[in-house]
Amino acid sequence: MYIRALFTNALALSAVVLRVLAAESTPDESVGTTEVNEEPIFKVSATFPEDNPFSHVVNGQQNVIEVLLENRTPNNIKLKSVSGTFSNPKTGAFMRNTTAQKFDMPIAAGSGMKLPYAFHNEAKPMEARFQVYVNYEQEDVQEEKVAFDGLITIVEPSVSLFDWRLLSTWSFVAALLGGAGYFTYLNFFPAPKKATKVKKAAPVGPVDSPVIAGSGVYNEDWIPAHHIKKGKGKGGALSSGDESDSRRRRR
């Protein structure tokens with residue numbers, strides 16, 4: 001009996017000791033741990049659309065890059081504008097700026113949005129460094145962050161005979177050249193004047209014919225004056241005295 005009671009007490013004591021040792025070996029999770037809080041910042045980034053996986057910038061056309069904005073601050077932020085620059089990736093020399101696009105829109109605290117930034121470019125085909133800047137206002141302070149900084153490829157637009165832009169451009173140029181040529185022709189090469197036929201007017205004055213047509217009367221203008229007899233009878237016939245005088249003269 002005494003041995004059994006001693007053995008039972010020993011087992012109970014060993015169980016208590018094991019519990020104490022287990023409690024000491026288990027670390028207290030509440031001790032030595034710190035809560036990691038995300039820093040309240042205004043996060044910006046930019047990527048080219050899925051249909052432009054090689055980051056091509058086409059000359060003379062509208063190019064688009066998508067700008068992602070995340071306001072993780074407790075304050076509202078006002079987005080002012082988005083702009084960009086091109087530079088030489090080897091020398092770092094500045095090439096040109098893109099046109100800044102103004103927004104002037106608020107971004108509420110804890111919210112975000114995605115905006116397209118459209119820009120044009122005219123440069124020789126090459127690989128260039130492209131940077132996109134986001135200008136914003138936070139607590140009446142103007143700030144700027146870089147949303148994109150990477151290499152892009154400047155390429156020429158593909159040429160097609162059925163491109164409506166190309167056809168419309170050539171049609172406009174042809175119309176201008178045709179108008180200029182027509183204006184030059186009218187001012188420096190006038191058309192020759194057509195010769196007009198002049199109708200001859202009927203002669204005015206004495207008629208050579210001794211008889212006036214349709215009148216039955218002699219025209220005496222062509223007869224010498226000494227042949228005209230002053231005394232005439234009716235109907236223009238000579239009298240008997242005149243007739244005898246004329247016979248005497250003939251003799």
Side-chain angles (χ1 to χ4, degrees), residues 36-160 162-176:
V36 179
N37 294 326
E38 189 175 2
E39 182 181 0
I41 60 173
F42 179 51
K43 186 178 179 181
V44 297
S45 60
T47 56
F48 282 94
E50 295 181 357
D51 57 353
N52 188 11
F54 301 106
S55 303
H56 285 174
V57 175
V58 184
N59 282 330
Q61 295 185 5
Q62 179 175 280
N63 301 275
V64 177
I65 188 170
E66 297 176 345
V67 181
L68 179 63
L69 310 170
E70 296 182 56
N71 184 9
R72 298 177 180 177
T73 67
N75 303 319
N76 294 337
I77 291 177
K78 186 176 183 180
L79 176 65
K80 302 294 290 183
S81 63
V82 178
S83 59
T85 60
F86 290 95
S87 59
N88 192 308
K90 297 180 181 179
T91 63
F94 170 79
M95 293 174 58
R96 61 164 298 171
N97 289 325
T98 59
T99 303
Q101 185 175 353
K102 295 183 179 181
F103 292 95
D104 289 331
M105 63 172 57
I107 303 176
S111 64
M113 62 179 62
K114 181 185 290 185
L115 299 173
Y117 172 53
F119 61 94
H120 288 80
N121 183 59
E122 287 292 345
K124 64 179 181 179
M126 61 177 296
E127 190 177 58
R129 181 185 179 186
F130 183 46
Q131 292 175 296
V132 177
Y133 302 95
V134 175
N135 298 278
Y136 63 97
E137 181 180 314
Q138 184 178 8
E139 296 180 352
D140 297 331
V141 178
Q142 298 282 342
E143 298 184 25
E144 182 180 80
K145 282 193 173 186
V146 179
F148 182 86
D149 188 355
L151 296 178
I152 55 91
T153 304
I154 301 174
V155 298
E156 294 290 347
S158 57
V159 179
S160 175
F162 300 99
D163 187 1
W164 67 270
R165 293 188 182 91
L166 185 61
L167 293 176
S168 60
T169 301
W170 280 112
S171 300
F172 181 72
V173 172
L176 285 180

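When reading the values below, keep in mind they use all heavy atoms of this one structure, side chains included, and skip hydrogens, waters and symmetry mates. Everything quoted here is computed from the prediction, not taken from an experiment.
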Closest non-hydrogen atom pair, [X] against [Y]:
X: Asn75; Y: Glu139; result: ND2-OE2, 2.5 Å
X: Asn63; Y: His56; result: OD1-O, 4.0 Å
X: Asp140; Y: Glu137; result: OD1-OE2, 3.6 Å
X: Pro157; Y: Gln61; result: CB-NE2, 3.3 Å
X: Ser55; Y: Leu151; result: CB-O, 4.2 Å
X: Ile107; Y: Asn71; result: O-ND2, 3.0 Å

Check your understanding: Hey, which of Val82, Val134, Val67, Leu69 is the one that makes side-chain contact (heavy atoms from CB on, under 4.5 Å) with Phe103?
Key -> Val82

Could you state the interatomic distance from [atom1] ([X]) to [atom2] ([Y]), rounded to the nearest 0.5 Å?
X: Glu66; Y: Asn52; atom1: CD; atom2: CG; result: 10.5 Å
X: Arg129; Y: Lys90; atom1: CZ; atom2: NZ; result: 15.0 Å
X: Arg72; Y: Ile77; atom1: CZ; atom2: CD1; result: 11.5 Å
X: Tyr133; Y: Phe148; atom1: OH; atom2: CZ; result: 12.0 Å
X: Met95; Y: Thr98; atom1: CE; atom2: OG1; result: 12.0 Å
X: Met126; Y: Ile152; atom1: CE; atom2: CD1; result: 8.5 Å

Less than 4.5 Å apart, any side-chain heavy atom of [X] and any of [Y]?
X: His120; Y: Gln62; answer: yes
X: Leu115; Y: Met105; answer: yes
X: Tyr117; Y: Val64; answer: no
X: Asn97; Y: Ser83; answer: no

Exercise for review: List the steps, then state whether side chain to side chain donor-acceptor pair (under 3.5 Å) holds for Gln138 with Tyr136.
Suggested key: CA-CA 7 Å; Gln138 184 178 8; Tyr136 63 97; 4.6 Å; no

Give a yes or no on whether the backbone of [Y] and the side-chain of [X] come within a donor-acceptor separation of less than 3.5 Å.
X: Lys145; Y: Phe42; answer: yes
X: Asn76; Y: Ala109; answer: yes
X: Glu122; Y: Gly60; answer: yes
X: Asn59; Y: Glu156; answer: no

Exercise for review: Please report the C-alpha distance between Asp149 and Gln131 in whole Å, then the side-chain angles of each, then the deciding distance to 0.1 Å, and finally whether the side chain to side chain donor-acceptor pair (under 3.5 Å) criterion is met.
Suggested key: CA-CA 4 Å; Asp149 188 355; Gln131 292 175 296; 3.3 Å; yes

Practice item. Step through it carefully: locate the ring centre of Phe119, locate the ring centre of Phe130, and say whether they are under 6.0 Å apart. Key: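 Distance test on ring centres: under 6.0 Å, yes.
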
Review point. For Glu50, does the CD atom have more than 12 heavy-atom neighbours from other residues, nucleotides or ligands under 6.0 Å away?
Key: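 It does not: Glu50 CD has 12 such atoms or fewer within range.
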
**Study point:** CZ (Phe54) with more than 12 external heavy atoms under 6.0 Å
**Key:** no

**Study point:** Step-by-step side chain to side chain contact (heavy atoms under 4.5 Å, CB included) determination, Lys124 to Ile154
**Key:** CA-CA 7 Å; Lys124 64 179 181 179; Ile154 301 174; over 6 Å; no

